[in-house]
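The basis for the numbers below is simple: all heavy atoms, side chains too, and nothing from hydrogens, waters or symmetry mates.
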Number of protein chains: 2
Amino acid sequence: MQGQNISDIIEEYLKRILADSHQIEIKRSEIAQLFNCVPSQINYVINTRFTIQNGYVVRSKRGGGGYIRIAKVNLISDADVMDDLMDVIDDNISFTQAFRIIQSLFEDSVLTQKEANLILAAIDQRTLAFEDKRVENAVRARILISILNRLKYDD
Amino acid sequence: MQGQNISDIIEEYLKRILADSHQIEIKRSEIAQLFNCVPSQINYVINTRFTIQNGYVVRSKRGGGGYIRIAKVNLISDADVMDDLMDVIDDNISFTQAFRIIQSLFEDSVLTQKEANLILAAIDQRTLAFEDKRVENAVRARILISILNRLKYDD
DNA sequence: ATAATAATAGTCAACATTAGTCAAAAAGTT
DNA sequence: AACTTTTTGACTAATGTTGACTATTATTAT
């Protein structure tokens, strides 16, 4: 059991709701109050845990009756989402971000647990081990794109 | 063993917990305080006594609510075959040689077709795409060794 | 209509809270 | 003495928390 910090707890809370609902709409200030934190903490949670890499699409509106809507999307079946993913990777990607992508591919059953683990082993920071972080992120991007292409055209 | 130095004592302490728990999650500073040593001593203990060779996998997270998680894993029956292969790879390997290794692992049913293909996609020449062939072969070696290490245990 | 005001959410940078690295010093072994 | 292992701490890196300030949208007043 992890999750000693508020961000993890909020993440868990939102994902539990998303487990049945596929999509939720929240009021930022209400959630903040519920977990006794500042409103911008909700943005932090969303930006780090509900990105497209994680398989989520977020839309929001300000002003009276404003909201934040979080929707779970399927990575393979949606071509647009796949394109977004490619855009995110571009020509460099951190391990953390790559991890999120692999995890969502596993959650969407595109990858088995073992396949996901092998890919993660390949793109781990210690594995690539370049002095220059930019080189590391560039190599990781090439590997990931190569693998995504394999997944895309193989079946 | 001979519980002479602090490292041995900490090792013993952690392993005693791991005897019933299969996995533990610690706070580095708490353990350090418990044994009256500096936090980085915990890293030393982990790096020298909880390696994959010993059958342990370690994961950690920094920041608020950070932790170090140590899990005991089951080494598969041909874990030592992986060790032999890693000896052969050493610190550099061509794609052709790597291909043979992956192929033999497939033939021995260690890898499925899809797993083998994903690995090959990752270590392909066009994927790695380095000017310098020596760099390419070194990176390929690191990736392959990391993957072989991962194959040593299940789950 | 238009302007002012209220009610939202977003951004960003400072600060806080962890863990990791590395190399020098100390201790132990041969 | 030479070599290996352990101990220590200064510095670094990653992640999380907070709040002041900004941007956008809806509502109300003129």
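In plain terms, the two heavy atoms of A:Thr127 and B:Ile143 that are nearest each other are CG2-CA, 3.5 Å.
A salt bridge (Lys or Arg N to Asp or Glu O under 4.0 Å) check over residues 37-57 of chain A, counting only residues at least two apart or in different chains, returns the pairs A:Asp8-A:Arg49, A:Glu11-A:Arg49. Applying the ring pair (Phe, Tyr, Trp, His ring centres under 6.0 Å) test to pairs two or more places apart or on separate chains, none has a residue in residues 81-108 of chain A. Counting only residues at least two apart or in different chains, ring pair (Phe, Tyr, Trp, His ring centres under 6.0 Å) contacts with residues 117-151 of chain B comprise A:Phe130-B:Phe130. For residues 50-66 of chain A, there are no salt bridge (Lys or Arg N to Asp or Glu O under 4.0 Å) pairs, not counting sequence neighbours. Counting only residues at least two apart or on different chains, the salt bridge (Lys or Arg N to Asp or Glu O under 4.0 Å) pairs with a member in residues 124-134 of chain B are B:Asp124-B:Arg126, B:Asp132-B:Arg134, B:Lys133-B:Glu136. Among pairs with a residue in residues 35-64 of chain B, those fulfilling ring pair (Phe, Tyr, Trp, His ring centres under 6.0 Å) read B:Tyr13-B:Phe35, B:Phe50-B:Tyr56, at least two apart in sequence or across chains. Screening residues 101-115 of chain A for salt bridge (Lys or Arg N to Asp or Glu O under 4.0 Å) gives A:Lys114-B:Glu115, A:Glu115-B:Lys114 as the qualifying pairs, with residues at least two apart or on separate chains.
A straight line from CD1 of B:Ile10 to C1' of D:dT5 spans 14 Å, rounded to a whole angstrom. Distance CG (B:Asn43) to P (D:dT8): 14 Å, rounded to an integer number of Å.
Base contact: A:Tyr44 has a heavy atom under 4.0 Å from a base atom. As judged by a 4.0 angstrom heavy-atom cut-off over every strand, B:Ile42 is placed among residues making no nucleic acid contact.
Nucleotides of DNA chain D nearest to A:Ile6 and B:Cys37 differ in position, and the one nearer the 5' end is that of B:Cys37.
Residues from residues 54-64 of chain A with heavy atoms under 4.0 angstrom of DNA chain C, sorted by number: A:Ser60, A:Lys61, A:Arg62, A:Gly63, A:Gly64. Within residues 128-143 of chain A, no residue has any heavy atom closer than 4.0 Å to DNA chain C.
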Could you go through nucleotides 9-11 of chain D and list every protein N or O atom that sits under 3.5 Å from one of its N or O atoms, giving the distance for each pair?
from, atom 1, to, atom 2, distance (Å)
D:dG9, N7, B:Ser40, OG, 3.2
D:dG9, O6, B:Ser40, OG, 2.7

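With a cutoff of under 4.0 Å to any heavy atom of chain B, the contacted region of DNA chain C is bounded 5' to 3' by C:dT17 to C:dT21.
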Side-chain polar contacts of residues 80-94 of chain B - donor-acceptor pairs under 3.5 angstrom, sequence neighbours left out - could you list them?
from, atom 1, to, atom 2, distance (Å)
B:Asp83, OD1, B:Lys152, NZ, 3.1
B:Ser94, OG, B:Gln97, N, 3.1
B:Ser94, OG, B:Gln97, OE1, 3.3

Give the C-alpha distance, both sets of side-chain angles, the deciding distance and a yes or no for side chain to side chain donor-acceptor pair (under 3.5 Å) between A:Gln53 and A:Thr51.
CA-CA 5 Å; A:Gln53 296 98 304; A:Thr51 63; 3.0 Å; yes
